[in-house]
Amino acid sequence: MNQNLITDIPASLKKLQNKILELKIAEKIIIQNGDLGYASAPSNIALLKYWGKTLGREQIPINSSISYTLGGFRSFTKVTALGRFFPDEIKSDALFSNQLILKNKNNEIIQIPHKMDRLIKSILFPFGKEIYLKIDSYNNFPTACGIASSASGYAALVAAIADLLQLQIHFTEQELKIWLTEWSRLGSGSATRSALTGDDKFFVKWETPSDHKIDFSETQNLKYHPKWRTLQHVVFILDSNEKSTSSSEGHKFAETSPFHKIRVAGIPSRMKLMEKGLQEFDFDFIQYLSEEDAYSMHAVMQTGEPKACYLNNETAEIISIFVKLRNKYEAKAFWTLDAGPNLHVLFMPDSLSFVQEFHQIAQKFLNRKINNIVNNFNESLIIGRSEYERIENRAHLTTTLS
Ligand SMILES: Nc1ncnc2c1ncn2[C@@H]1O[C@H](COP(=O)(O)OP(=O)(O)OP(=O)(O)O)[C@@H](O)[C@H]1O
Ligand SMILES: C[C@@](O)(CCOP(=O)(O)OP(=O)(O)O)CC(=O)O
């Protein structure tokens, strides 16, 4: 097996790779030195979490998940085709991993993870060694600390390559959807939930196949009651340092926890209940299901071997403050966590004063300032330069609480 290429790709995606090859041979897709591709993808926060993968399969989750799209927390990615011959300025950087160079907003070169290198090589397989990519990518929020930067990062990268290849023209809508969601999944599981284009992608479901021999995992937007449109989201940053165990590493230990099987067995019924709660606007039930699943995922993380504790003492302390205060005010708000200590709070607009008071009390209790980022923008994945520029000018995150 070639370790540098993803081999376990679904038949539907293989078919699309063949289509790209045919288009290339027919000279309908011609990529020249300097050609560009642009995309911007939102992050997402799972309400029912993906934790653990199907053994022996590439990025097939052990359980289905549901997420809320964080339209304001975005990755912005530009890819440049370099062709076989690198310009001198790139050569002098001398830091490319055969297929790509990743740069951040300050033009600093970032180490390219092996899994990203492998993804790009696999996507560009129909082009052999004809295309090398320069990648400029940045996030408008802290990276790798539990705000799912891998979700937006990989979805934006895949979509920018789609733009470079002009797949919006060459593929049908359904083909483009499969191409984007499946390559994003193969990059980072949670990225598939950030890879849907078009309006109204607030809540997204990613389903594990019912039969584990099936190679395809479906991602789709969920129907929801229109009242959810006013849902607000803020993340309280307790620690913005990169976590020591990446989510990808953490998934590997999930099944060593005695609670893992129990959690996974309960997910199908919870999925149904959550879908119903979203359709009917049963806020209290969504609150209950989300908080329970966040606790149960972290219980699995903390009881595996080796243990991965993504939380810190402050997280537990401020959750306790949150819950006590919510009970007092009967506020419409709930918390959730990713693989990190930072607290995500989702709430209805009439509970804003509760969230502000919670913030004040939590800061007093911890005796320090707690930075927060408010998600103030709703937009799904966008592809292409003009849309990228439109979004880049508008998607500024603000810290508006108190
Ligand atoms: N803009 C980006 N472009 C490309 N890759 C990115 C980008 N942002 C983040 N990544 C990749 O995602 C990795 C972070 O992924 P990881 O799963 O560890 O953290 P996370 O996404 O914050 O975690 P979680 O999904 O649990 O919240 C980074 O180390 C980097 O490799
Ligand atoms: C805790 C989570 O955020 C885990 C996300 O895991 P990743 O998608 O980051 O992992 P890989 O597939 O290995 O890239 C929960 C979730 O987003 O569902």
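The model shown is predicted, which means the values in this text are computed figures rather than measured ones. All ligand and atom numbering here is 1-based and tracks the order in the structure.
At a 4.0 Å heavy-atom cut-off, ligand 2 touches Ser188 through backbone and side chain alike. Contact annotation for Ala46 and ligand 2: only side-chain heavy atoms (C-beta onward) come within less than 4.0 Å of the ligand.
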With salt bridge (charged side-chain N to carboxylate O under 4.0 Å, His left out) as the test, would you mind laying out the steps for Glu218 and Lys177 before giving the verdict? CA-CA 10 Å; Glu218 173 98 41; Lys177 180 195 157 186; 3.2 Å; yes
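Donor-acceptor pairing under 3.5 Å is recorded for the side chains of Ser150 and Ser188. Counted by atom type alone, Gln59 and Lys53 present one or more donor-acceptor pairs between their side chains at under 3.5 Å.
Contacts classified as salt bridge (Lys or Arg N to Asp or Glu O under 4.0 Å) and involving residues 223-238 (residues at least two apart or in different chains) are given here: Asp200-Arg229. Sorted by first then second residue, the ring-ring contact (aromatic ring centres under 6.0 Å, His included) pairs that include residues 246-276, not counting sequence neighbours, are Tyr50-His251, Trp51-His251.
Taking a 4.0 Å cut-off on heavy atoms, Ser150 registers as neighbouring ligand 2.
For atom 16 (C) of ligand 2, the nearest non-hydrogen atom from the set Glu58, Lys53, Arg193 comes from Arg193. Selection from His251, Met301, Lys252 by nearest heavy atom to atom 6 (O) of ligand 2 gives His251.
Polar contact check, Ser190 against ligand 2: a nitrogen or oxygen pair lies under 3.5 Å apart. Any N or O atom pair closer than 3.5 Å counts here, and Gly189 shares at least one such pair with ligand 2. Polar contact with ligand 2: present for Lys115 (N/O pair, distance under 3.5 Å). Considering backbone and side-chain N/O atoms, Trp51 never comes within less than 3.5 Å of an N/O atom of ligand 2.
Interface atoms of ligand 2 facing Ser248, defined by a heavy-atom separation under 4.0 Å, are 11 (P), 13 (O), 14 (O). Every atom of ligand 2 is numbered from 1 in the order shown, and the set under 4.0 Å from a heavy atom of Gln59 is 12 (O). For ligand 2, the atoms sitting less than 4.0 Å from at least one non-hydrogen atom of Lys49 are 18 (O), numbered in the order shown with element in parentheses. Under a 4.0 Å criterion applied to the non-hydrogen atoms of Asp338, ligand 2 contributes the atoms 1 (C), 2 (C), 3 (O). For ligand 2, the atoms lying closer than 4.0 Å to a non-hydrogen atom of Ala339 are 1 (C). Every atom of ligand 2 with a heavy atom of Ser247 under 4.0 Å away is listed here by number and element: 6 (O), 7 (P), 9 (O), 10 (O). Numbered from 1 in the order shown, with element, the atoms of ligand 2 that lie under 4.0 Å from a heavy atom of Met297 read 1 (C).
A ring pair (Phe, Tyr, Trp, His ring centres under 6.0 Å) with Trp228 is found for one member of Phe347, Phe283, Tyr68 and no other, namely Phe283.
Between the side chain of Ser40 and the main chain of Ser75, a donor-acceptor pair closer than 3.5 Å is present. When atom types are taken as modelled, the side chain of Asp8 and the backbone of Glu58 share a donor-acceptor pair closer than 3.5 angstrom.
When ring centroids are compared, Phe127 and Tyr132 stay outside the 6.0 Å threshold.
Judged by a 6.0 Å distance limit and a 45° cone about the ring axis, Lys115 is positioned over the six-membered ring of Tyr154.
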